[in-house]
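Model, not experiment: these values are computed from the prediction. Whatever order the structure lists ligands and atoms in, that order sets their numbers, starting from 1.
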Amino acid sequence: MAMRPEDILVPTPAGVCCKLGGFHIDPTRPVERALITHAHSDHARAGHGAVLATQETLDLMRLRYGENFAGSTQAAAYGESLALGGAKVTFHPAGHVLGSAQIAVEAGDLRVVASGDYKNVADPTCAPFELVPCDVFITEATFALPVFRHGEPGGEIAKLLRSVALFPERAHLVGAYSLGKAQRVMALLRQAGYDAPIYLHGAMEKITRYYESRGIALGDLRLVSGATKQTLAGTITICPPSALNDLWTRRFPDPLAAFASGWMRVRARARQQGVSLPLVISDHVDWDGLTATIAATGAGEIWVTHGQEDALVHWCGTRGLKARPLDIVGYGDEDDEPASGEAEA
Ligand SMILES: [Zn+2]
Ligand SMILES: [Zn+2]
């Protein structure tokens, strides 16, 4: 008898579940066995029995949650297939943050790919997105509206460097999510030839040092806490978005707030958050990337999670693809809560 996609993965409110293999993917509640796509806190939670993820995701979870974040752990290498019960699972790079993976689940002659969060553009801090042909593609929809076109990150970095050159007396503070975005902004600055020290908010130190330990060169990094107000004139500091509106900014001379996020495409949003230099740099795929990737997977059926599900489901319909939103409660967007802050901020 032919397999149906639902025989492989079933959406539940706690995340997609593979009964055949006895596991959940990115569960939002504690489960016996979890496969985790990446270490952002809405996908990677503490308290599962067994966790299977890439080595980097396991290490980052350990950094955030402590040694006992799971009953047991197992590292999965990109491209290596594992048999779990009646299913075969393989992790493939998702291009989102260090260690991020798409998880392909196969049984019979069907392949379902849960892509987690992903982007299809170059990022010097992680392995590039790999296109995995499949029958069912599970995609995020964070920026699934035609208005979201991220453009070239290099152009946004050039904008930042022009502002630094224009205001040598001011300190530039760049709000960037602590896991992934912050390190990508540092690496992009280095790619652009910026070789002055980059200053770090203390909340980013552990994760940034971990990136360096995995061979990602980020140049001369210094902690803000060790610097005087005078030294910080003309410099760039990377901080959690929540710190931009914090008393913490008082230690800087005439601070100028920048924010690196896909949401910065929306001017009103930048204004509302007091950001004078919006930088459209996203670790999520944009509208063109979403539609191109969906088409390229060859999948006939698309399951859509967190974000603008309706627009993407509608687009799939116009292309003759079967599509449905998955109502999983608890996925968010790491850039989307600058005011309330982050776990480690
Ligand atoms: Zn993420
Ligand atoms: Zn997500």
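At a cut-off of 2.8 Å, His40 is not counted among the residues with an N, O or S atom near the Zn ion (ligand 2). For the Zn ion (ligand 1), the set of nearby N, O or S atoms under 2.8 Å includes one belonging to Asp117. Within the coordination shell of the Zn ion (ligand 2), defined by N, O or S atoms under 2.8 Å, His284 is absent.
The Zn ion (ligand 2) is the vertex of the angle joining NE2 of His43 and NE2 of His306, which measures 100° to the nearest 10°.
Taking the centre and axis of the six-membered ring of Phe167, the NZ or CZ atom of Arg170 falls inside the cone set by 45° and 6.0 Å.
Between Trp315 and Trp287, the angle of the ring planes goes over 60°, which puts this pair in the perpendicular group of the 30/60° scheme. Relative orientation of the His43 and His38 rings is tilted, given thresholds of 30° and 60° on the angle between their planes.
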request  = Step by step, work out the ring-ring contact (aromatic ring centres under 6.0 Å, His included) result for His40 and His96.
outcome  = CA-CA 10 Å; His40 281 150; His96 177 54; 4.9 Å; yes
